[in-house]
Amino acid sequence: MEYIQIKKENQVALISINRPPANALGSALIEELSQLLDQVEDDFDTRVIVLHGEGRFFSAGADIKEFTTIQSSEDFGSLGEKGQNLFERMERFPKPIIAAIHGAALGGGLELAMACHIRLVTQNTKLGLPELQLGLVPGFAGTQRLPRYVGMAKAAEMLFTSEPISGEEAVKWGLANHAYSDEELLNRAKELAGKIAKKSPVSIKAAIELLNYGKTNQFYDGVKRESELFGEVFSSKDGQEGIKAFIEKREPQFKGE
Ligand SMILES: C/C=C/C(=O)SCCNC(=O)CCNC(=O)[C@H](O)C(C)(C)COP(=O)(O)OP(=O)(O)OC[C@H]1O[C@@H](n2cnc3c(N)ncnc32)[C@H](O)[C@@H]1OP(=O)(O)O
């Protein structure tokens, strides 16, 4: 695999995303992550997964540079669906997935983290869904998962302003379980994974299935509508302007078209 490494220690699989400079979730990386889950699912000896990012960030989201190679709203919508399907699989995965988040988890990076069962963060990490800054909307089910963690009002504020919250704030809002220093993060994640690995895989699998019953049809209808709007908004002039502005490192000029 090119962008993802796996290391096993005491029944815990440490999965590292390694795609400098920002661990952007391009379509190849999404595919690799999906293949890796196939491997881990079949490996009886792996009981818990810890997911983290190499380098400066957990992940700065979908690959904005790759967006410029996409021609139609349908293709953009299907990119969204690929991410949505992978993240749904993760949330239902029979083995617990702990995200250990440092630096930043933005856009698709936070959507990935929100699909994990437990989130540990560093105090100063930035967590946000800044897609509206790009003239877009989130497309990997973030519009449906974020309000489940932080409530509608805080989710609306985070989406409308595009501003991230810190790891410490994320714990207060229920988006993350615990915040640690940069030095502590990975060891704490491994320690927690070790505790969970001692439980019966049978009862863990049942607990994950049961936790997922909290998601009603409204959640799935919302995810479907998100992928349609993700494609439509991408094709708007504002969507194209937002992506161009990011690449040109300038403020976007949105005209409502
Ligand atoms: C369905 C899902 C949709 C989405 O996820 S849309 C994407 C949502 N994410 C974002 O909008 C985040 C965009 N990135 C940022 O805001 C910033 O970056 C950071 C806060 C992560 C870091 O800022 P700083 O420390 O000032 O570094 P830097 O010079 O902006 O970035 C370092 C290099 O990383 C590239 N990069 C950052 N994020 C992405 C990305 N999401 N996709 C592709 N490339 C990205 C930059 O362009 C640059 O690269 P170069 O050194 O070549 O100029």
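Atoms within each ligand, like the ligands themselves, are counted from 1 in listed order. All values reported here derive from a predicted model rather than from experimental measurement. In what follows, residues are counted from 1 in the order of the sequence shown.
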**Prompt:** Starting from atom 16 (O) of ligand 1, which protein heavy atom do you reach first, and at what distance in Å?
**Reply:** L106 CD1, 4.1 Å

**Asked** D63 heavy atoms, cut-off 4.0 Å: which ligand 1 atoms fall inside?
**Response** 42 (N), 43 (C)

**Asked** What atoms of ligand 1 come closer than 4.0 angstrom to any heavy atom of G107?
**Response** 5 (O), 8 (C)

**Prompt:** Taking the side chain as C-beta and beyond, is there a heavy-atom pair between L127 and L106 under 4.5 Å?
**Reply:** no

**Lys/Arg-Asp/Glu bridge criterion (N-O < 4.0 Å) met for K195, E191** = no

**Item:** With L185, the side-chain contact (heavy atoms from CB on, under 4.5 Å) member among V121, L120, I101, T125
**Value:** L120

**Nearest-contact summary for atom 28 (P) of ligand 1 - protein heavy atom, Å** = K249 NZ, 4.9 Å

**Prompt:** Counting heavy atoms not belonging to K8, are there more than 12 under 6.0 Å from its NZ?
**Reply:** yes

**Check ion pair E228-K224 (N to O, under 4.0 angstrom)** = yes

**Nearest-neighbour protein heavy atom for atom 46 (C) of ligand 1, which is reported as residue plus atom name and distance** = K65 NZ, 4.0 Å

**Complete:** The closest protein heavy-atom partner of atom 13 (C) of ligand 1 is F246 CE1, 3.5 Å

**Request:** Identify, for atom 36 (N) of ligand 1, the protein heavy atom at the shortest distance, and state residue, atom and that distance.
**Result:** A22 CB, 3.7 Å

**Request:** Pull out every atom of ligand 1 sitting under 4.0 Å from any heavy atom of G139, numbered as shown with elements.
**Result:** 1 (C)

**Message:** As a test of the contact definition, would atom 49 (O) of ligand 1 count as having a protein heavy-atom neighbour under 4.0 Å?
**Reply:** yes

**Request:** Could you check which of A62, G109, S162 puts a non-hydrogen atom nearest to atom 40 (C) of ligand 1?
**Result:** A62

**Request:** Calculate, to the nearest 0.5 Å, the distance between atoms CD1 and CD1 belonging to I64 and I243 respectively.
**Result:** 8.0 Å

**Prompt:** Which atoms of ligand 1 are found less than 4.0 Å from any heavy atom of G61?
**Reply:** 5 (O)

**Asked** Angle class for the F234/F76 ring planes (parallel below 30°, perpendicular above 60°, tilted otherwise)?
**Response** parallel

**Message:** A quick test of your reading: do over 12 heavy atoms of other residues, nucleotides or ligands sit less than 6.0 Å from CD of Q218?
**Reply:** no

**Message:** For E91 versus M114, what's the shortest heavy-atom pair and its separation?
**Reply:** OE2-O, 4.1 Å

**Request:** Quick one: pull up CD1 in I196 and CZ in R47 and give me the separation to the nearest 0.5 Å.
**Result:** 13.0 Å

**Request:** List every atom of ligand 1 that sits less than 4.0 Å from any heavy atom of F230, numbering the atoms from 1 in the order shown and giving each element.
**Result:** 1 (C)

**Request:** Tell me which part of L79 gets within contact of ligand 1: side chain, backbone, both or neither, using heavy atoms under 4.0 Å.
**Result:** neither

**Message:** Which of the numbered atoms in ligand 1 are under 4.0 angstrom from any heavy atom belonging to L134?
**Reply:** 6 (S), 7 (C), 11 (O)

**Heavy-atom nearest neighbour in the protein, as seen from atom 42 (N) of ligand 1, with distance rounded to 0.1 Å** = I64 N, 3.0 Å

**Item:** Sub-4.0 Å heavy-atom approach of P21 to ligand 1
**Value:** yes

**Prompt:** In the protein, what heavy atom is nearest to atom 11 (O) of ligand 1, and what distance, to one decimal place, separates them?
**Reply:** P130 CG, 3.5 Å

**Message:** Once you restrict to heavy atoms under 4.0 Å, what part of Q133 touches ligand 1? Side chain, backbone, both or neither.
**Reply:** neither

**Message:** Heavy-atom pairs closer than 4.0 Å: do any link ligand 1 to the side chain of E66, the backbone, both, or neither?
**Reply:** neither

**Message:** So for atom NZ, which belongs to K244, do other residues, nucleotides or ligands contribute more than 12 heavy atoms lying within a distance under 6.0 Å?
**Reply:** no

**Asked** Do V48 and Y180 sit in the same hydrophobic cluster, where Ile, Leu, Val, Met, Phe, Trp and Tyr count as joined when their side-chain heavy atoms come under 4.5 Å apart?
**Response** yes

**Message:** To the nearest 0.5 Å, what is the distance between OG on S227 and CG on L79?
**Reply:** 10.5 Å

**Prompt:** Are K126 and ligand 1 in contact, using a heavy-atom cut-off of under 4.0 Å?
**Reply:** no

**Item:** Nearest heavy atoms of Q39 and M1, plus distance in Å
**Value:** NE2-CE, 4.1 Å

**Message:** Suppose we measure from atom 24 (P) of ligand 1 to each protein heavy atom; which comes out shortest, and what is that distance?
**Reply:** R56 NH2, 3.7 Å

**Prompt:** Which ligand 1 atoms, with their elements, are less than 4.0 angstrom from a heavy-atom of G108?
**Reply:** 2 (C), 4 (C), 5 (O)

**Request:** Check A60 against ligand 1 and report side chain, backbone, both or neither, counting heavy atoms closer than 4.0 Å.
**Result:** both

**Request:** Please indicate whether D75 has more than 12 foreign heavy atoms, meaning atoms of other residues, nucleotides or ligands, lying under 6.0 Å from its CG.
**Result:** yes

**Complete:** Taking only non-hydrogen atoms of E111 and a 4.0 Å limit, the atoms of ligand 1 in range are 1 (C), 2 (C)

**Request:** Take atom 26 (O) of ligand 1 and look for protein heavy atoms under 4.0 Å from it; say yes if you find one, no if not.
**Result:** no

